[in-house]
Every structure is written in structure tokens, then in C-alpha cells.
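The structure appears right after this line, and notes come after that.
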Amino acid sequence: MAEPQFEGHWVPAWEAVVDTFRANFVATDDDPGDLGAALCVMVDGEVVVDLWGGWSDRQRTRPWTRDTLVNAYSVGKGISASIALAALSAGVLELDAPLRDVWTGLVADTTFRDVLAHRAGLPALRDDAPAGLPLDWHAMCSALAATDPWWEPGSAHGYHTNTFGYLVGEPLRRAADDVRFGDLVRRWFPLPAGVDEHCGVPASEHGRCAVVELAAQSSANAPRPGEQPTGGAGGGADMVFRSYYNPPSLSGLGILESADWRSAEVPSTNGHANAGGVARVYAAVLDPRGPVDPAVLAEATTTQSEGHDLVLGKPSRFGLGYQLHEDHRPVGVTERSFGHFGFGGSLGFGDPVTGMAVGYVLN
């Protein structure tokens, strides 16, 4: 088997981080080791680590490069939250106004704050949905709008695993004269130079996408198809199962490498990026001159939901769209760090104490 090669650059003081990155590729009895990955660390807007290595295909014939894109799963929730905060900074939406004011036809009596804090009660569709529904933005949003919430919005929280991006994106789209979700970032969050992040990868860029190896992975949260899921009281097992598998392709199951999946806009789940793109988004969020007003960021990184999660069936803690520090699962370096994990280990975060912005993606 070919040995992984590593490229990039870093400040010498960060050599220990580079050593750890490389060590992740070493197979053990319990872990086959990483296939391909990339890491970018920025401090006060300056890159101190920019590293990539391994392979972008299962056969280990295509080396991972600086330009490799990979499906980073829920890292995209943090990107979506950042776009939302930029829109709030611009006065486009109000956090606590009824979301129906913008989204006509929405059954749930909820607010944008509830959506961002995973309190909207819409982690899943109630009715059985056709497999292709997540790939059709308008159809998926229409189905969500017609869904009775699983709990009274604002009264509890549960991780909106695959619906979060639609619920955040549709009000923003409507406030922006119905542009595509993938174009919203240009409206309120002008991407810094060097950002390579996509929700809806152009067909011309599909050749840069790494495959995602799922065989050796499992999710700590998602039940497998056909298994009885576990979840908290209030939402119930049916809600938990449907949040991952209604429709069957909702989590990308079986279609991760298809052109339709890569081209679709599924912000909770199918954002494609490289590590530098993720890190630069968080660096821009941390920049007081950037698109997110410091007061809005302060609100967004204050606890909005905490305690028992009706979908995950365990404690979780959220700000406005961001995961916040938990002792059992620290998001970043200090307790003020904010960001989002993605299935399989990807992560993006910002830390206002250290000035650090990090993107880590792998397949």
C-alpha cells in the first residue's frame, strides 16, 4: 500500500500539530487511519499551519492536494450560521420576529432565533418523503413549511441534523429576493481571498472532490436503517429516525459521490470545502471589521440552548447556529470557542481569546 505524502507549510513552533496530523494516518488495531485530510490554522488572520496529505480516492491513486474539496457534513452548519449572522448584522432579519413574516405558509409558530438554536421543533418531516426530495430546495422547504412541529417551538431543543440548513436558508433567500442559497454568501458575507467553500459545487469542479470512505466509520448519533433508534422523551424514536432517514437520501446515504448530490444545496450536510476555506470563514467572523458585527457575534456565542437534546438523546449546547464548548466535547481551544463538528471528524471553529481560526477536513 502506498504511503501517504504530506505537503504544505507551517511556522516551526507548530511542529507538534503537524506531527499529530501525520500520526492520524497511522493504522492501529482499532483505527484504520485517515485516508486523506487537510488542516489550516490561522492566528489573528495569519496562517500558521496549512497542511494536507493522503489520498482523495479509495484506491490511493489520487493524492490529496491544496485544491481538493471534500463533503464536510455539519461543518456547513457553522458556515450557514456565519452567513445568517452577517445578514442579521446588516439588519435583514429580526431574531425574535415571527418567521412567518418572511416565510409565508410556514405552519410552525417559530422565530429565527429558535431556528438557529435548534428549538424550532422541525428536525424531521412527519410524512414519508420521496428519495430525491433533499436535492430539490423548493420542494424540501415546502414540505418543512407544511410540517407540524414535533414540540412547541422554543420550549425545548433537539439537533436539527439535516433540516437546519433549509430552515436557516429559506428565510434568508426570501429576504434576498429569492436568490439561490449558494449565492447568499456573496450578498452578506463577501468571501475573503482564498476561500474555497461551496454549497452546490459547480459541475466544472466535481473532479476536485474527494470520495468519502464510510465503511470504517459510524455515527455516535445516527441509527442505522432498520435499527430501532434511541432518542429523548418528547420527540420519540420515530422523530429521531426520520431526522436522519426521511427521505432515505437525507443524510446523503447512497448518493454521496453522485453529481446530483454534489450539485445540490443541502447546507446542513453537503457543503464541500478545503481546510483553508473553512478557516478563512471563521477568521472573517472573528475580524471586528468583517461582515459580522461584534455585538451580533457576542449574542451568537452566548448559550441559547443547553441540556437534554431531544434528537441526540444526550446533553448538547448551542449558540445561534454554532456548537459551543462542552467539557466532554470541546469545540476549540478555550471555553469561548465556537464552531461546528462534521460527521467523521471534520471541524471548523473560531476562538476570540486566542484569535485562532481552524479548518480541518477529511474523508
Practice task
Check for a donor-acceptor pair, side chain of Ser155 on one end and backbone N or O of Trp151 on the other, with a separation under 3.5 Å.
Solution key: no
Exercise for the section: State yes or no: do Val353 and Leu297 share one hydrophobic cluster built from I, L, V, M, F, W and Y residues joined by side-chain heavy-atom distances below 4.5 Å, directly or via other members? Expected result: no
Practice task
Indicate the atoms forming the closest heavy-atom contact of Leu253 with Pro248, along with that distance.
Solution key: CB-O, 3.7 Å
Handout entry: Minimal non-hydrogen separation, Ser243 against Leu250, with atom names
Key = O-CD2, 3.5 Å
Exercise for the section: Evaluate the criterion salt bridge (Lys or Arg N to Asp or Glu O under 4.0 Å) for residue pair Glu257 and Arg58; output intermediate values, then yes/no. Expected result: CA-CA 12 Å; Glu257 294 168 34; Arg58 295 183 184 85; 2.5 Å; yes
Practice task
Start with the C-alpha gap between Arg60 and Glu3, add the side-chain angles, then the distance that decides, and say whether salt bridge (Lys or Arg N to Asp or Glu O under 4.0 Å) holds.
Solution key: CA-CA 9 Å; Arg60 292 172 166 79; Glu3 292 295 319; over 6 Å; no
Practice task
State whether a side-chain donor-acceptor pair under 3.5 Å links Ser80 with Lys77.
Solution key: no
Problem - For Leu125 against Asn246, the heavy-atom pair lying closest together - result: O-ND2, 3.1 Å
Handout entry: Qualifying residues under side-chain hydrogen bond (donor to acceptor under 3.5 Å, both in side chains), relative to Asn162, sequence neighbours excluded
Key = Ser251, Thr269
Problem - Check: His206/Ser263 side-chain N/O donor and acceptor closer than 3.5 Å - result: yes
Exercise for the section: Using the six-membered ring of Trp150, assess whether NZ or CZ of Arg126 lies under 6.0 Å from its centre and within 45 degrees of the ring axis. Expected result: yes
Handout entry: Thr28 and Asp31 side chains, donor-acceptor separation under 3.5 Å
Key = no
Exercise for the section: Please identify each residue that fulfils ring-ring contact (aromatic ring centres under 6.0 Å, His included) with Phe341, with sequence neighbours left out. Expected result: none
Problem - Pairing of Arg280 and Asp196 as salt bridge, 4.0 angstrom limit - result: no
Practice task
Output, in order, the C-alpha distance, side-chain angles, deciding distance and verdict of side chain to side chain contact (heavy atoms under 4.5 Å, CB included) for Phe112 and Glu94.
Solution key: CA-CA 7 Å; Phe112 203 45; Glu94 296 181 20; over 6 Å; no
Handout entry: Side-chain donor or acceptor of Asn270 paired with backbone N/O of Ala264 under 3.5 Å
Key = yes
Practice task
State whether Glu299 and Arg113 are salt-bridged, where the test is any N-O pair (Lys NZ or Arg NE/NH1/NH2 against Asp/Glu carboxylate O) under 4.0 Å.
Solution key: yes
Problem - Pair Ser268, His160: side-chain N/O donor-acceptor within cut-off below 3.5 Å - result: no
Practice task
Taking atom types as modelled, find out whether Trp52 and Asn274 have a side-chain donor-acceptor pair closer than 3.5 angstrom.
Solution key: no
Exercise for the section: Could you give me the CA-CA distance, side-chain angles and deciding distance for Val201 and Cys209, then say whether side chain to side chain contact (heavy atoms under 4.5 Å, CB included) is met? Expected result: CA-CA 9 Å; Val201 181; Cys209 295; 4.2 Å; yes
Practice task
Return the orientation label for the Phe164 and His118 ring planes: parallel under 30°, perpendicular over 60°, tilted otherwise.
Solution key: parallel
Handout entry: Side chain Arg317, main chain Gly307, donor-acceptor under 3.5 Å
Key = no
Problem - Salt bridge flag under 4.0 Å for residues Arg329 and Glu326 - result: no
Practice task
Would you check if there is a donor-acceptor pair between the side chains of Tyr322 and Ser82 at a distance under 3.5 Å?
Solution key: yes
Exercise for the section: May I ask you to decide if Leu122's main-chain N or O and Thr163's side chain share a donor-acceptor pair within less than 3.5 Å? Expected result: yes
Exercise for the section: Return yes if some donor-acceptor pair links the side-chain N/O of Thr61 with the main-chain N/O of Asp57 below 3.5 Å, else return no. Expected result: no
Exercise for the section: Compute whether any side-chain donor of one residue and acceptor of the other, for Glu7 and Trp64, lie under 3.5 angstrom apart. Expected result: no
Exercise for the section: Ignoring hydrogens and angles, tell me if any N or O in the side chain of Ser89 forms a donor-acceptor pair with the backbone of Asp293 under 3.5 Å. Expected result: yes
Exercise for the section: For Asn363 and Glu213, indicate whether the former's side chain and the latter's backbone hold a donor-acceptor pair under 3.5 Å. Expected result: no
Problem - Short side-chain to backbone donor-acceptor contact, Asp34 and Ala27, under 3.5 Å - result: no
Practice task
Just say parallel, tilted or perpendicular for the rings of His340 and Tyr159, cut-offs at 30° and 60°.
Solution key: parallel
Problem - Test salt bridge (Lys or Arg N to Asp or Glu O under 4.0 Å) applied to Arg173 and Glu170, step by step - result: CA-CA 5 Å; Arg173 253 188 16 83; Glu170 183 63 7; 3.0 Å; yes
Handout entry: Test item: Thr303 side-chain N/O and Ser305 main-chain N/O as donor-acceptor pair under 3.5 Å
Key = no
